[in-house]
Amino acid sequence: MSTYPNRPSPAPRQVMPSQRPRPVRAEQNTNWLLFGALGVIAAGALAVVMWRLDVQKQEEDTGKKVVALLESADQLIQENRDDEADAAAHKAMELMPGDVRAQAVIDRINTKRDLIHKKKSAEAGFSMMRAEQLEKENLKAALEAYDAIRADAATTAEAKQAAADRAKAIRDG
């Protein structure tokens, strides 16, 4: 027998869960999470800034290329090399879509072509009128005038066809 006044029970004593002592967790250092998150945010911001600087540099290089192409197109227009100028202006338009400078160069080329076409048409009309006048006076001279119109490289295709038709009509009767 034990001399101790309270006899040990064969089963452990049951304690209500709210009365049980809670285990104490050691304090965890979470500063590394905070600094890690701040580091990721800073790295992301730096990456965005570097990307923007790279894009800005590419835009500047593209702008310089466009300016060079447009300057060469202006020189080609002055040298009457319209097809090459048109190709350079379209290349500039591809590099920087919607650029008003490139569109202005293309419009200048088209205006120049229209003026040349109108001038050729007017010259061809004058030659046809002179040949028709000769037709009334001298058929042989009229035929030579129509042949000259057809042989002239600067004459439009419509005027060449009209001259060929008139010459055929004179020869036929």
Side-chain angles (χ1 to χ4, degrees), residues 27-135 141-171:
E27 185 178 319
Q28 293 181 348
N29 187 359
T30 57
N31 288 339
W32 65 273
L33 286 172
L34 176 66
F35 290 122
L38 289 175
V40 168
I41 291 170
L46 183 63
V48 167
V49 167
M50 295 301 290
W51 172 77
R52 182 62 191 142
L53 289 175
D54 186 46
V55 167
Q56 192 174 16
K57 175 80 170 144
Q58 289 176 354
E59 288 175 352
E60 288 175 4
D61 291 343
T62 302
K64 288 177 184 178
K65 288 178 187 176
V66 167
V67 168
L69 282 170
L70 293 177
E71 286 176 356
S72 68
D74 283 336
Q75 289 175 350
L76 291 171
I77 289 171
Q78 292 172 359
E79 296 171 4
N80 291 329
R81 295 165 49 189
D82 294 338
D83 292 334
E84 295 172 27
D86 194 34
H90 278 88
K91 176 78 173 174
M93 186 69 97
E94 288 174 9
L95 288 175
M96 196 173 283
D99 188 20
V100 294
R101 298 171 298 178
Q103 187 61 45
V105 170
I106 291 171
D107 291 343
R108 280 185 35 218
I109 293 169
N110 290 337
T111 303
K112 183 177 178 183
R113 285 180 179 161
D114 289 343
L115 290 174
I116 289 172
H117 181 72
K118 286 178 183 177
K119 181 180 175 186
K120 285 181 181 179
S121 296
E123 289 174 356
F126 179 73
S127 297
M128 286 293 288
M129 186 179 69
R130 199 174 99 240
E132 289 169 359
Q133 188 67 29
L134 282 174
E135 185 179 329
L143 285 174
E144 290 173 1
Y146 287 131
D147 290 338
I149 290 171
R150 286 187 301 168
D152 187 12
T155 307
T156 61
E158 299 89 22
K160 287 181 182 182
Q161 183 63 39
D165 293 343
R166 293 288 285 187
K168 184 177 181 208
I170 291 173
R171 286 187 181 112

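All heavy atoms count here, side chains included; hydrogens, waters and symmetry mates do not. Index from 1, following the sequence.
The side chain to side chain donor-acceptor pair (under 3.5 Å) pairs that include a residue from residues 85-103 are Asp86-His90, Asp99-Arg101, Gln103-Asp107, where partners are two or more places apart or lie in different chains.
Side chains of Asp74 and Gln78: a donor-acceptor N/O pair is absent below 3.5 angstrom, by distance only.
Here the shortest heavy-atom pairing between Ser72 and Ala88 reads OG-CB, 4.2 Å. Scanning all heavy atoms of the two residues, the minimum distance from Ala89 to Val105 falls at CB-CG1, 3.8 Å. Taking all atoms of both residues into account, the shortest heavy-atom contact from Ile109 to Ala85 is CD1-C, 3.6 Å.
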Decide yes or no on side-chain contact (heavy atoms from CB on, under 4.5 Å) for Asp165 and Gln161, but give the supporting numbers first.
-> CA-CA 6 Å; Asp165 293 343; Gln161 183 63 39; 3.1 Å; yes

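When the shell of 6.0 Å around NZ of Lys112 is examined, it contains more than 12 heavy atoms from other residues, nucleotides or ligands.
The structure places CG of Leu95 at 14.5 Å from NZ of Lys64, a figure rounded to the nearest 0.5 Å. For the atom pair Gln58 CD and Thr62 OG1, the distance stands at 7.0 Å (nearest 0.5 Å). Rounded to the nearest 0.5 Å, atoms CD (Gln75) and CZ (Arg81) are 9.5 Å apart. Rounded to the nearest 0.5 Å, atoms OG1 (Thr111) and CD1 (Ile106) are 11.5 Å apart. Separation of atoms CG (Asp82) and CD1 (Ile77) is listed at 6.5 Å; rounding is to 0.5 Å. Atom-to-atom distance recorded for Asn110:CG and Arg108:CZ is 11.5 Å, nearest 0.5 angstrom.
Here the side chains of Arg113 and Asp83 are in contact, with some heavy-atom distance below 4.5 Å.
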